[in-house]
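Only heavy atoms go into these numbers, but all of them, side chains included; no hydrogens, no water, no symmetry mates. Note that the numbering runs from 1 along the sequence shown for the chain.
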Amino acid sequence: MGDLHIMPGSRHRPHMKKPMWIIVLVLFVCVFLICAYIYPPQSSSGCYVFSSRGCKGFTDWLPPLLAREYTDDEIAARVVIRDILKSPPIVSKNSKVAFMFLSPGSLPFERLWDKFFQGHEGKFSVYVHASKTKPVHVSRYFLNRDIRSEQVVWGKISMVDAERRLLANALQDPDNQQFVLLSDSCVPLYNFDYIYNYLVHTNISFVDCFKDPGPHGNGRYSEHMLPEIEVKDFRKGAQWFSMKRQHAILVMADHLYYSKFRAYCQPGLDGKNCIADEHYLPTFFQMVDPGGIANWSLTHVDWSERKWHPKSYMTQDVTYELLKNITSIDVSVHVTSDEKREVQKWPCSWNGIQKPCYLFARKFTPETLDKLLHLFSNYSAP
C-alpha cells in the first residue's frame, strides 16, 4: 500500500458558456441600424443620437439606396425635358404677356380689362377658352380672340386639357414670353405697366406648389402612378399660374406624366377625390424643375370660410380697403389638410426682393363691375 500511488483522475475543463449576450447585442444593433436607415429620424434631437452633426452626418456614411431603373418612356421624357431646360430662351424684341381666360361663356369683367389694356397695344395678347356658350364681347381687345374650346368639367382632366389648349394657342406667337391663366371672375390689382414689368423681368414661373400630407393632398395619390410618379413628389396647388415660355413648352411636350394624371387622378376613382388641375402642374414641376417655380400663385383667393369653394366677393364687400389689404400681403400661406393643420409660410420674393404676392384676385361676382371700374384708377397704382 505504501508503494501504491493514487493516480490523479483525468481533468476535464469546464464547458465555456456561449456568449449569448454578445450575439443578442450584435443582433440588436444590426436591427436598430437597419430600422434607422429605412425610417430615418424626423426630429433634430433624434438625429443627434447617431451623430453630433445631426441627420446629415448620419446619412452621409450610410450606403445609398439603389436607384431604380427608368422605363423607356421615362428616359425619353427626361432627355426632352433636359434639352428644353438647357436651351437658351428665345429673345424677343417685343416681349408680350399672353392673358389666357378660362371661362364658361362671356367675361363679366371685360370692360374692366379693356380699361386695363388701353394704351398698351403690342405688349399683350388675349386668348379666351369658353367651354359652354359662345362669348359676347364688348371690348375690341377680345374680338376674334376665342380659341376652339371643349367642355370643361370641374375636377376632371378636361380642366387641364383646357389649360394646355390655351397654352398651345398662345405659344404660336413667338413674342409671347409669359403666359397668365385667368378665370372669368379674375380682376387685375395693379395697372398694366406694373404687372407687365413684374412678369417680363423675371426668369421664374409662378406655379402654386406645396406638400400636403393630409386627405386633400397626398391622400389623393394613387399608387397606379408608380413607378414614374412617387408619393414623395406628389404636390398640390391652385391652378391659376403665370408661366414663362420655357415652362409652357415643357408642359406641351409632356405626355408621360400627363397621361398618369389623366388615367388615375379623377373624382371618385378608388374612393379618392383627386382633382387633376390641383395636382398635375405642381407635381410635374416638383419633379422636373422645382427651383424654377415660385411655389405660389399670383392670383389671390380667400379660403377663410373653409368650404369647397373660396369666398365670393359681393358689391358690399368691394372697397378700397379690401383691395389695398390684398395688395399688402407679402407672405404666401398654405395650410395642410391633416389633423395638424400645419401652416406653411414663406415670403413672396421677386428677383430676391420681398414684394406683395398678388397681381390678380378672384372670385368677384358680376355685380361688382361698376364699383371696380370706379375704384380701378385709385387702387391699381403700385
A.B. asks: With a 3.5 Å distance limit and no angle check, can you tell me whether W296 reaches the backbone of C357 through a side-chain donor-acceptor pair?
C.D. replies: yes
A.B. asks: Does D83, at its CG atom, have more than 12 non-hydrogen atoms belonging to other residues, nucleotides or ligands within less than 6.0 Å?
C.D. replies: yes
A.B. asks: Kindly determine whether Y141 and F124 satisfy ring pair (Phe, Tyr, Trp, His ring centres under 6.0 Å), including the steps that lead there.
C.D. replies: CA-CA 10 Å; Y141 301 118; F124 67 90; 5.5 Å; yes
A.B. asks: Classify the ring geometry of F376 against F116: parallel below 30°, tilted from 30° to 60°, perpendicular beyond 60°.
C.D. replies: perpendicular
A.B. asks: Do S297 side-chain atoms and F241 backbone N/O form a donor-acceptor pair below 3.5 Å?
C.D. replies: no
A.B. asks: So does V128 get a backbone contact from the side chain of R145, meaning a donor-acceptor N/O pair under 3.5 Å?
C.D. replies: no
A.B. asks: If we count only N and O atoms by modelled type, under 3.5 Å, do the side chains of E278 and Q239 hold a donor and an acceptor together?
C.D. replies: no
A.B. asks: Are side-chain N/O atoms of D73 and T71 paired as donor and acceptor at under 3.5 Å?
C.D. replies: no
A.B. asks: Looking only at non-hydrogen atoms, find the nearest pair between R245 and L171 and report the distance.
C.D. replies: NH2-O, 2.8 Å
A.B. asks: Would you indicate whether the side-chain heavy atoms of Y190 and N197 approach each other to under 4.5 Å?
C.D. replies: no
A.B. asks: Which atom pair, heavy atoms only, marks the closest approach of P108 to L369?
C.D. replies: O-CD2, 3.6 Å
A.B. asks: Would you check if the side chain of K363 reaches a backbone N or O of S312 as a donor-acceptor pair within less than 3.5 Å?
C.D. replies: no
A.B. asks: Assert yes or no for the condition that the ring centre distance of F117 to F99 is strictly below 6.0 Å.
C.D. replies: yes
A.B. asks: Would you please say whether a donor-acceptor pair under 3.5 Å links the side chains of Y280 and D254?
C.D. replies: yes
A.B. asks: Closest approach of P135 and D146, non-hydrogen atoms and distance?
C.D. replies: CD-OD2, 3.6 Å
A.B. asks: Are any of the side-chain nitrogens in R165 or E150 under 4.0 Å away from the carboxylate oxygens of its partner?
C.D. replies: no
A.B. asks: For a quick check under 3.5 Å, do N325 and E321 share a side-chain donor-acceptor pair by atom type?
C.D. replies: no
A.B. asks: Between S139 and D114, do the side chains contain an N or O donor and an N or O acceptor separated by less than 3.5 Å?
C.D. replies: yes
A.B. asks: Does a donor on one side chain sit under 3.5 Å from an acceptor on the other, for D161 and Y258?
C.D. replies: yes
A.B. asks: Are S92 and N94 linked by a side-chain donor-acceptor pair shorter than 3.5 Å?
C.D. replies: no
A.B. asks: How are the rings of F261 and F234 set to each other: parallel, tilted or perpendicular (split at 30° and 60°)?
C.D. replies: parallel
A.B. asks: If the threshold is 4.0 Å, N to carboxylate O, is there a salt bridge linking E74 and R68?
C.D. replies: yes
A.B. asks: T283 and R235: side chain to side chain donor-acceptor pair (under 3.5 Å), yes or no, with the steps?
C.D. replies: CA-CA 5 Å; T283 301; R235 293 294 185 272; over 6 Å; no
A.B. asks: Centroid-to-centroid, F206 to Y198, below 6.0 Å?
C.D. replies: yes
A.B. asks: Are H334 and D212 linked by a side-chain donor-acceptor pair shorter than 3.5 Å?
C.D. replies: no
A.B. asks: Verify ring pair (Phe, Tyr, Trp, His ring centres under 6.0 Å) between W113 and F101, making sure each step is shown before the conclusion.
C.D. replies: CA-CA 11 Å; W113 285 103; F101 292 86; 5.2 Å; yes
A.B. asks: Would you say the side-chain atoms of R362 and H300 include a donor-acceptor pair closer than 3.5 Å?
C.D. replies: no
A.B. asks: So, for T299 and Y358, which heavy atoms are closest and what is the spacing to 0.1 Å?
C.D. replies: C-CD2, 3.7 Å
A.B. asks: Okay, side chain of T319, backbone of L322: is any donor-acceptor separation there less than 3.5 Å?
C.D. replies: yes
A.B. asks: Measure from NZ or CZ of R78 to the centre of the six-membered ring of Y70 and say whether it is under 6.0 Å with the direction within 45° of the ring axis.
C.D. replies: yes
A.B. asks: Quick one: which of N176, D173, D175 gives a side chain to side chain donor-acceptor pair (under 3.5 Å) with K96?
C.D. replies: D173
A.B. asks: Identify the heavy atoms of L199 and Q178 that sit nearest to each other, and give their distance.
C.D. replies: O-NE2, 3.1 Å
A.B. asks: Do V331 and W346 have side chains that approach each other closer than 4.5 Å (heavy atoms only, starting at C-beta)?
C.D. replies: no
A.B. asks: N351 and H201: side chain to side chain donor-acceptor pair (under 3.5 Å), yes or no, with the steps?
C.D. replies: CA-CA 9 Å; N351 292 346; H201 296 128; over 6 Å; no
